[in-house]
Amino acid sequence: GKVESLKANFSASIYPNPVNNNLLIELSKNGQYQLEIVDVQGRTVNRVQFSGDQWKGTFTDYASGMYWIKITDEMGGIAMKRVFKN
């Protein structure tokens, strides 16, 4: 589903949710982004820089549970979305 944007002029859709192995994030515009995956204890388990309008990654090695996907663009806009790992 759509992310609720915090002062961000982009939106992100995340598939699938819940996730088993592969995660796809589609962004509404091309840009330079930082992606952070944060676990329920608030630990950043992955941090990736990417450009374009999508990111694909694997969730295979993560424990089951809830994670936050935090996406920051070059303007400092932040979108956050919960994702559940089966």
Side-chain angles (χ1 to χ4, degrees):
K2 291 289 184 200
V3 174
E4 292 189 13
S5 298
L6 315 173
K7 67 182 181 358
N9 62 348
F10 67 95
S11 61
S13 298
I14 297 176
Y15 311 99
N17 190 7
V19 58
N20 289 314
N21 298 317
N22 296 308
L23 188 71
L24 172 64
I25 301 173
E26 294 182 341
L27 298 148
S28 60
K29 70 181 182 75
N30 270 295
Q32 302 289 326
Y33 296 98
Q34 176 176 268
L35 167 74
E36 291 173 81
I37 300 173
V38 181
D39 71 13
V40 74
Q41 282 83 35
R43 294 180 298 228
T44 299
V45 295
N46 198 0
R47 183 181 284 117
V48 182
Q49 309 284 335
F50 69 97
S51 59
D53 62 1
Q54 70 172 22
W55 180 84
K56 290 179 181 167
T58 60
F59 247 72
T60 309
D61 296 337
Y62 298 136
S64 296
M66 194 269 284
Y67 294 84
W68 287 99
I69 306 292
K70 179 180 177 185
I71 303 165
T72 309
D73 72 2
E74 65 263 40
M75 308 295 289
I78 297 168
M80 289 190 74
K81 171 75 177 171
R82 280 188 303 188
V83 66
F84 293 91
K85 169 71 163 71
N86 282 331

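Positions are given from 1, in the same order as the sequence printed here.
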Over all heavy atoms of both residues, which pair between [X] and [Y] is shortest? Give the atoms and the distance, please.
X     : Y     : result
Asn86 : Pro18 : OD1-CB, 3.5 Å
Asn30 : Asp53 : OD1-N, 3.5 Å
Met80 : Ile78 : CG-CG2, 3.9 Å

Between [atom1] of [X] and [atom2] of [Y], what distance do you get to the nearest 0.5 Å?
X     : Y     : atom1 : atom2 : answer
Ser11 : Glu26 : OG    : CD    : 10.5 Å
Arg82 : Ile14 : CZ    : CD1   : 12.0 Å
Leu35 : Thr44 : CG    : OG1   : 10.5 Å
Leu24 : Trp55 : CG    : CH2   : 9.5 Å
Phe10 : Leu27 : CZ    : CG    : 6.5 Å

> In this structure, are over 12 heavy atoms from other groups packed under 6.0 Å from Met66 atom CE?
Replying inline: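 Enclosed: over 12 neighbouring heavy atoms sit under 6.0 Å from CE of Met66.
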> For the side chain of Glu74 and the backbone of Gln32, is there at least one donor-acceptor N/O pair under 3.5 Å apart?
Replying inline: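 Yes: the side chain of Glu74 pairs with the backbone of Gln32.
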Could you check whether any side-chain heavy atom of [X] comes within less than 4.5 Å of a side-chain heavy atom of [Y], counting everything from C-beta outward?
X     : Y     : answer
Ile25 : Tyr33 : no
Asn22 : Lys56 : no
Lys81 : Ile71 : no
Ile37 : Ile69 : yes
Asn20 : Phe59 : no

>> Using the rule given for side-chain contact (heavy atoms from CB on, under 4.5 Å), can you reason through Tyr67 versus Tyr62, listing the C-alpha separation, both sets of side-chain angles and the distance that settles it, and then say yes or no?
In response: CA-CA 10 Å; Tyr67 294 84; Tyr62 298 136; 3.5 Å; yes
